[in-house]
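The structure under discussion appears below in the form of structure tokens.
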There are 2 protein chains.
Amino acid sequence: MDNLLSNIKIKVNDKVFIKDPESSELGKRIVQGTIGLIDEIGFEQFTFKKLAKEIKTSEASIYRYFDSKHHLLVYITLWYWGWMEYRIVFKLMNIESAEERLTIAVKTLTEVIEEDKDFNHINKVKLHRIVIRESSKIYLNKSVDNENSEGFFLAYKRLVERVVKIILEINPTYKYPHMLVSTIIEGAHHQRYFAKHLPRLTDIVNGEDAVTTFYQKMALTQLKD
Amino acid sequence: MDNLLSNIKIKVNDKVFIKDPESSELGKRIVQGTIGLIDEIGFEQFTFKKLAKEIKTSEASIYRYFDSKHHLLVYITLWYWGWMEYRIVFKLMNIESAEERLTIAVKTLTEVIEEDKDFNHINKVKLHRIVIRESSKIYLNKSVDNENSEGFFLAYKRLVERVVKIILEINPTYKYPHMLVSTIIEGAHHQRYFAKHLPRLTDIVNGEDAVTTFYQKMALTQLKD
DNA sequence: ACATATATGATAGTAAAACTACTATATTTG
DNA sequence: CAAATATAGTAGTTTTACTATCATATATGT
């Protein structure tokens with residue numbers, strides 16, 4: 001991918017922010033600083049006051065971009081999903097075999113993220129760690145129905161749908177394609193987290209990326225039912 | 001199970017509470033009230049002040065039982081895991097076939113909970129909804145390593161290990177038994193939540209419990225690898 | 001060039017949440 | 001039955017999450 005994406009912008013639902021953080025220098029510092037700080041101290045300890053200090057601005061200025069720290073977390077998660085969809089579309093180009101496309105999609109969704117130079121102000125390694133630890137909090141709460149009706153989760157649904165389509169190409173009568181895909185995405189996050197913090201809840205295998213291998217096999221075998 | 005469990009107490013790691021809530025009338029009201037209130041308003045909106053009002057006691061009295069609302073959530077989640085382990089042990093009694101045991105274990109872990117009369121002050125239907133929406137928050141945060149070293153998650157590990165053993169009975173060389181079990185447990189929670197709030201991320205099939213069916217099949221087919 | 005819109009910064013304030021310290025009362029026990 | 005102990009209740013403090021106000025800097029349009 002290299003620098004091909006250097007003039008592409010990942011679009012995020014504009015109901016998530018008050019002012020688009022991509023539209024200004026300060027906005028980008030907010031996003032960059034948020035990723036650094038949440039990665040470091042966790043979402044619960046993260047406050048706008050600490051962020052303001054970190055990026056040398058005022059609390060009030062941050063409130064001009066985001067309503068709440070919750071919306072800021074939603075923002076970076078939606079950005080991540082949008083970015084994932086892009087990566088998948090890219091990697092699947094010109095690949096004909098549906099099986100191969102599925103294998104690549106699952107690898108992309110589950111593999112460890114390596115740092116690259118696209119979207120400069122966003123550190124994807126840190127973002128990935130945040131998505132693993134924090135992203136489910138954006139929908140596991142009482143505001144989910146409201147936010148769903150505002151379209152907050154469309155980026156996630158699109159991402160899932162894209163992989164579902166590949167599965168249905170392989171087996172048009174498979175009954176649980178959405179379940180399979182969302183199990184893989186969420187499951188991979190969990191397994192990476194367990195590997196680091198609760199290793200007895202997962203399996204760490206020498207010489208292979210067990211998470212990716214496990215879910216690739218799962219995708220290919222389950223859809224045969 | 002009926003009333004067989006009426007004089008059994010689910011043990012919860014005593015580092016989670018300051019004073020055992022099972023040891024007094026007030027303690028039981030705290031647990032009962034917590035389950036009702038978190039189910040109703042969600043963990044983020046839940047406060048000790050609201051709980052105190054609900055159960056007609058004072059904030060300070062609740063603080064004598066639990067350090068923080070986080071520990072209270074840990075408590076009810078650990079209770080749930082302990083209870084699940086009990087249910088599984090019970091249901092597997094005298095069943096010889098490992099395949100059948102696995103099918104029953106997965107059903108128990110993934111099925112919809114029906115109200116019963118055991119452990120009277122704990123409403124298991126509400127508790128199940130809370131576990132689905134909130135339980136992952138007990139480990140998806142920066143205190144996980146500390147709390148893990150205090151043994152907070154042993155009940156979860158024991159539960160997983162119990163099912164892992166069945167899998168290894170069926171296929172002693174299967175490489176990913178923990179991954180499979182934790183994927184099933186967490187996955188089932190997610191799918192039930194999606195079915196209610198984000199249905200496009202799952203598959204709802206008429207005339208069957210798609211969640212249980214999906215994960216039962218997954219367990220039986222994956223371990224063949 | 002100058003008025004005006006827009007962006008940011010600095011400061012202060014409010015309400016609720018999270019937690020602590022202290023006081024009062026009930027119960028147990030020596 | 002007095003002293004010790006457990007439990008409950010009241011009144012704080014600190015932090016968080018947010019709002020409001022005003023000052024200043026920068027950009028834009030005519």
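From a predicted model like this one, the values you see are computed outputs, not experimental measurements. Chain A is the first sequence line, chain B the second, and so forth, proteins listed ahead of strands; every chain is numbered from 1.
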- Tell me what F66(B) touches on the nucleic acid: a base, only sugar-phosphate, or nothing, going by heavy atoms under 4.0 Å. nothing
With a 4.0 Å cut-off, would you call [X] and [Y] a salt bridge?
| X | Y | value |
| --- | --- | --- |
| R87(A) | E111(A) | yes |
| D14(B) | K19(B) | no |
| K142(B) | E40(A) | no |
| R158(B) | E161(B) | no |
| D20(B) | K9(B) | yes |

- Taking only N and O in the side chain of Y65(A), is any of them less than 4.0 Å away from OP1 or OP2 of dT8(C)? yes
- Query: Hey, does the side chain of K49(B) come within less than 4.0 Å of dA16(C)'s phosphate (OP1/OP2), counting only N and O?
  - Reply: no
Atom [atom1] of [X] to atom [atom2] of [N]: distance rounded to whole Å?
| X | N | atom1 | atom2 | answer |
| --- | --- | --- | --- | --- |
| D67(A) | dC18(D) | CG | C1' | 10 Å |
| I62(A) | dA17(D) | CD1 | P | 12 Å |
| K50(B) | dA18(C) | NZ | C1' | 13 Å |
| Y63(A) | dA20(D) | OH | C1' | 13 Å |
| F48(A) | dT16(D) | CZ | P | 13 Å |

- Query: Looking only at side chains, do Y139(A) and H190(B) share a donor and an acceptor under 3.5 Å apart?
  - Reply: yes
- Check each residue of residues 18-45 of chain B for a non-hydrogen atom within less than 4.0 Å of any atom in DNA chain D, then write out the ones that pass by number, or none. K19(B), L26(B)
- Item | Whether over 12 other heavy atoms sit under 6.0 Å from K107(A) NZ | no
- Task: Dump the intermediate steps for side chain to side chain donor-acceptor pair (under 3.5 Å) on S135(A) and T77(A), then the final yes or no.
- Result: CA-CA 6 Å; S135(A) 70; T77(A) 305; 5.3 Å; no
Nucleotides 9-15 of chain D: which of its N/O atoms have a protein N/O under 3.5 Å away?
unit_1	atom_1	unit_2	atom_2	d
dG9(D)	OP2	T57(B)	OG1	3.2
dG9(D)	O6	R64(B)	NH2	2.7

